[in-house]
Amino acid sequence: MIITLDEAKQWLRVEHSDEDSLINTLISAAEKYLVNATGNTFDSTNELAKLLCYVLVADWYENRDMIGKTSEKVRHTVESIVAQLTHCYDSATTT
């Protein structure tokens, strides 16, 4: 797991537990998105991977009608981080 529920809730500034299931689903989707987009697997020690997951979870949480897509406001950030995670890390040593 790259980010935990508690970390995601802190990033989202969510203090209640009413949407924990939704946030957990978004975390899983973000981590799958990362693997699918880069072909690499990362863990919580990679700051860029964590940041990408935070950005995706927040964007999808705030723009629920666009699940699976990134909004225009974060698209460049996501594309840039994905490119770095794809090309700057050897798949044998991705952490």
> Between Leu5 and Ile23, is a side-chain contact (heavy atoms from CB on, under 4.5 Å) present by the stated rule, with each step listed?
Replying inline: CA-CA 7 Å; Leu5 175 62; Ile23 296 168; 3.6 Å; yes

> Trp11 vs Tyr54 aromatic rings, parallel, tilted or perpendicular, using cut-offs 30° and 60°?
Replying inline: parallel

>> Determine whether His16 and Val14 satisfy the following criterion, side-chain contact (heavy atoms from CB on, under 4.5 Å), listing intermediate values before the conclusion.
In response: CA-CA 6 Å; His16 55 80; Val14 171; 3.7 Å; yes

> If every non-hydrogen atom of Val82 is compared with every non-hydrogen atom of Thr38, which pair is closest and at what distance?
Replying inline: O-CG2, 3.9 Å

> Checking side-chain contact (heavy atoms from CB on, under 4.5 Å) for the pair Glu31/Phe42: CA distance, chi angles, key distance, verdict?
Replying inline: CA-CA 9 Å; Glu31 292 180 1; Phe42 298 91; over 6 Å; no

>> What I'd like to find out is whether the side chain of Ser17 reaches to under 4.5 Å of the side chain of Lys9, using heavy atoms alone.
In response: yes

> In Å and rounded to the nearest 0.5 Å, what is the CG to CD distance from Leu12 to Gln10?
Replying inline: 10.5 Å

>> Quick check: closest heavy atoms across Ala8 and Ile3, and the distance to 0.1 Å?
In response: CB-CD1, 4.2 Å

>> To check you understand the geometry: which heavy-atom pair defines the closest contact between Leu34 and Ala49, and what is its length?
In response: CD2-CB, 3.8 Å

>> Under the criterion side-chain contact (heavy atoms from CB on, under 4.5 Å), I'd like the reasoning laid out for Glu7 against Ile27: C-alpha separation, chi angles, the key distance, then a yes or no.
In response: CA-CA 10 Å; Glu7 290 172 326; Ile27 292 167; over 6 Å; no

> Do any N or O atoms from the side chain of Asn63 and from the backbone of Asp59 form a donor-acceptor pair under 3.5 angstrom?
Replying inline: yes

> Okay, side chain of Ser80, backbone of His76: is any donor-acceptor separation there less than 3.5 Å?
Replying inline: no

> Are Asn40 and Val35 close enough that some pair of their side-chain heavy atoms sits under 4.5 Å apart?
Replying inline: no

>> When you compare the side chains of Asp6 and Thr4, does any donor N or O come within less than 3.5 Å of an acceptor on the partner?
In response: no

> Around atom CD of Glu19, are there more than 12 heavy atoms of other residues, nucleotides or ligands at under 6.0 Å?
Replying inline: yes

> How far does OH of Tyr61 sit from CG of Leu26, to the nearest 0.5 angstrom?
Replying inline: 9.0 Å

>> Would you compute the distance between atom SG of Cys53 and atom CE of Met1 and round it to the nearest 0.5 angstrom?
In response: 9.5 Å

> Only one of Leu85, Leu51, Leu52, Ile2 forms a side chain to side chain contact (heavy atoms under 4.5 Å, CB included) with Asn46, so which one is it?
Replying inline: Leu85

